[in-house]
Amino acid sequence: MTAPLSFIHAFERGSDPAAAPVLLLHGTGGDENDLLPLGRAIAPRSALLSPRAKVLENGMPRFFRRLREGVFDEDDVRLRAGELADFVAEAQRAYQMSAPVAVGFSNGANIAAALLLLRPQALRAAILIRAMTPLQDPPPADLRGKRVLILSGAMDPIAPVDNAARLARTLRDAGADVEHETVPASHGLTGEDLRLSVAFFDQLHSQKSV
Ligand code: MLT
């Protein structure tokens, strides 16, 4: 049963309380069910928390408004990142979870990047698949101790590799430990994204137990 929180969401309990919970953030037009199989594949024993984005673009849920493809309404990015961080805090209380690892795809990766820059305490770490820079001029953030994996597609016309490289630099400048990998793909998810995400998530855990 899901708790009545500020976002419609899916929640699956984990089988191992020591496994980091995962926050799944879908792409444009997705919903709370889209990434559950991906989350389970990356984190088989973790709790999965998956909100449905609230902004509608021609009926398609998104996590923030955009003015056109690749041009974001940054006031809305700030507002929505705040709402999402508040939801994560509510969910942590309702489901008794620690700060989650975000797994975001496309628009979901972009809001996860905004969470890191604006409300870093909401996340333990992040896997950003086909991400872009969500804010041109973000406020200073302290991301020391946060690990981030960015996965770009070499042929992606929507989230270009150089834009993601800029995001990687911004996060590194704020102190995050960032890996930026480019896979032979376009905007869609591939098996290579899954392989790299699983390896990153496993490493987070092995680090914790050291
Ligand atoms: C966005 O946030 O607009 C994404 O990068 C692209 C998309 O969601 O289609």
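Below, each value reflects all heavy atoms present in this structure, side chains not excepted, and no hydrogens, waters or symmetry copies. Computed from a prediction, not measured in an experiment: that's the story for all the values here.
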Output yes when D86 and R119 qualify as a salt bridge under the 4.0 Å nitrogen-oxygen rule, no when they do not. yes
Applying ring pair (Phe, Tyr, Trp, His ring centres under 6.0 Å) to F11 and not counting sequence neighbours gives Y95
Whether R93 and E90 form a salt bridge (side-chain N of Lys/Arg under 4.0 Å from carboxylate O of Asp/Glu) is what I want to check. no
Under 4.5 Å side-chain linkage, directly or through intermediates, the cluster mates of V71: L67
Side chains of T2 and H9 only: does a donor on one sit below 3.5 Å from an acceptor on the other? no
pair I111-L84: side-chain heavy atoms closer than 4.5 Å: yes
For residues 21-36, pull every pair meeting salt bridge (Lys or Arg N to Asp or Glu O under 4.0 Å), keeping only residues two or more places apart or in separate chains. E32-R52
Taking the six-membered ring for Trp, are F200 and H205 ring centroids under 6.0 Å apart? no
Sort out for me which residue in L117, L116, V77 forms a side chain to side chain contact (heavy atoms under 4.5 Å, CB included) with P138. L117
Check whether any side-chain heavy atom of L23 lies under 4.5 Å from a side-chain heavy atom of P51, and answer yes or no. yes
Would R66 and F64 count as a cation-pi pair here, with the cationic atom under 6.0 angstrom from the ring centre and within 45° of the axis? no
What I want to find out is whether R65 reaches D75 closely enough, with some N-O distance under 4.0 Å, to be called a salt bridge. no
Can a side-chain donor-acceptor contact be found between H180 and S152 if the only test is distance below 3.5 angstrom? yes
Please determine whether residues L49 and I129 belong to a single hydrophobic cluster, defined as Ile, Leu, Val, Met, Phe, Trp and Tyr linked transitively by side-chain heavy-atom distances below 4.5 Å. no
Contact check, side chains of T182 and E192, non-hydrogen atoms, under 4.5 Å: no
Establish, yes or no, whether the cationic atom of K54 lies under 6.0 Å from the six-membered ring centre of F7 and within 45° of the ring axis. yes
